[in-house]
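This is a predicted model, so every value here is computed, not measured.
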Number of protein chains: 2
Amino acid sequence: MLGHGGSEPRRTRIQAAKRASIVKAALEVFSEAGYSAATLERIAEAAGISKASLLYYFPGKEAVYVAVLEDTLAFWLEPLAALDPAGEPLEEIGRYVTTKLEMSRKRPAASRLFANEILAGAPAIGGFLKGPLKELVDKEAAVISGWIAEGRLAPVDPRHLIMMIWAVTQHYADFDPQVQAVLGREAAKRRFAAARETLLAVLLEGLRPRG
Amino acid sequence: MLGHGGSEPRRTRIQAAKRASIVKAALEVFSEAGYSAATLERIAEAAGISKASLLYYFPGKEAVYVAVLEDTLAFWLEPLAALDPAGEPLEEIGRYVTTKLEMSRKRPAASRLFANEILAGAPAIGGFLKGPLKELVDKEAAVISGWIAEGRLAPVDPRHLIMMIWAVTQHYADFDPQVQAVLGREAAKRRFAAARETLLAVLLEGLRPRG
DNA sequence: GTCTATAGACGGATAGAC
DNA sequence: GTCTATCCGTCTATAGAC
């Protein structure tokens, strides 16, 4: 289970660097193949070492997986808490959507890693979802509720709105083969620009306070 | 690869029924575990037969998987082509969203099966995505474009709008553990009703022709 | 610390009795 | 047609040389 606070410290700088390079390689492999289909051999190869060396730094496959999840979660959470209650609601939400979409574009492996984990029933991060993640969503939902109470946003269920934003932004990373098949071989940058425009147009217009 | 037209006919009614029961069991196992983590042992157990018996009806694991995909695709496609160009655009889109959401609620295993397959890079249904699915999207996109040209719908990219609708509806089936963790233990029916309300409110208001 | 070699577990697939 | 027993490949993990 995750969320035990800080990880145990590495002994040396070199060991830490080595672990980091293994985690980076493991992210690629786990996110493409899922846990079961990922092999230590492929991770080791991607990290440029032998399988036995990998197992010198980690006690086993699951430990590598947990390390990757912990490492990626920290990064993934950063922008989640960024809604500013004092800001203009449509601007704040627009920035949130844009930020999440950018994360999908720049770090698709991270997005797919979580998609795989949650599709499998979230065996490793279930506790995190029910704890820290739920708390964060509750906090953001309260901000959105405040905006609605002030009449600065259309009255919608804040939690489902957050889910809606996650869904549409992560979709472009998680289901990329489908997106590419349907849209054709546009360059990724262009595709994401068109996605951003559409998402913002529909969401911001749909959330404008009714008058 | 899929899409070779009709499958070879089964010899007897009994064989067909047996195959169907295996496919049904296999859908559950593949959709929960993904291809690699799914085992023939578990599928056989779910179907109430032995592993060897299963392999009497199918030549191997991959053949079972392909049969499940074919079987599920047929069902999945039905409502996809339902947009009526002569109808009221917001009503048509509202019905489409509601239908897709209902499918996520009633057949979450089917949704997760495709999610797993596409996350893995769509090795088995890549051709289907680039062929029949793309054609269907193009056709629907043309209908939406027509509505926009007539000024009956806000001007947005039709393909990204379709993707948006897929994303928000499938999300509730594919990422159910996360949804439940964040929303708490509401009954599924209630959860989907709240989701429908939120999605329709935002999407339909966001797509209303500017004026 | 890193490697080669290999033990041990597991899962897909086959043989053969019934 | 269905089962038990078994083969064989793959993968995790360990032992031991260097």
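To the nearest 0.5 Å, atoms CZ (B/R95) and OG1 (B/T99) are separated by 7.0 Å.
For A/I43 and D/dT12, the CD1 to C1' distance is 12 Å, given to the nearest whole Å. Between the P atom of C/dC10 and the CZ atom of B/R42 lies a distance of 15 Å, rounded to the nearest Å. Rounded to whole Å, atom P of D/dT4 lies 14 Å from atom CG of B/L54. Look at CD on A/E41: it is 17 Å from P on D/dG9, rounded to the nearest Å.
Applying the 4.0 Å criterion to OP1 and OP2 of C/dC3, one finds that A/S53 has a side-chain N or O inside that range. Taking 4.0 angstrom as the limit, B/S50 places a side-chain polar atom (N or O) nearer than this to OP1 or OP2 of D/dC3. Taking 4.0 angstrom as the limit, B/Y56 places a side-chain polar atom (N or O) nearer than this to OP1 or OP2 of D/dG1. For D/dT2, the OP1/OP2 oxygens have a side-chain nitrogen or oxygen of B/Y57 closer than 4.0 Å.
Residue-environment remark: CD (B/E197) stays at or below the threshold of 12 foreign heavy atoms within 6.0 Å. The environment of CD in B/E62 is sparse: at most 12 heavy-atom neighbours from other residues, nucleotides or ligands sit within 6.0 Å.
Among the heavy atoms of the strands lying under 4.0 Å from B/A38 are primed sugar atoms or P, OP1, OP2 only; no base atom is included.
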Please list, for nucleotides 13-18 of chain D, all pairs of protein and nucleotide N/O atoms separated by less than 3.5 Å.
from, atom 1, to, atom 2, distance (Å)
D/dA13, OP2, A/K61, N, 2.7

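Relative to the ring axis of B/Y35, B/K61 places its NZ or CZ within 45° and under 6.0 Å from the centre.
We find that A/R19 and A/D71 are not joined by a salt bridge, their nearest charged nitrogen and carboxylate oxygen being 4.0 Å or further apart. Using a 4.0 Å cut-off between charged nitrogen and carboxylate oxygen, B/R42 and B/E45 do not count as a salt-bridge pair.
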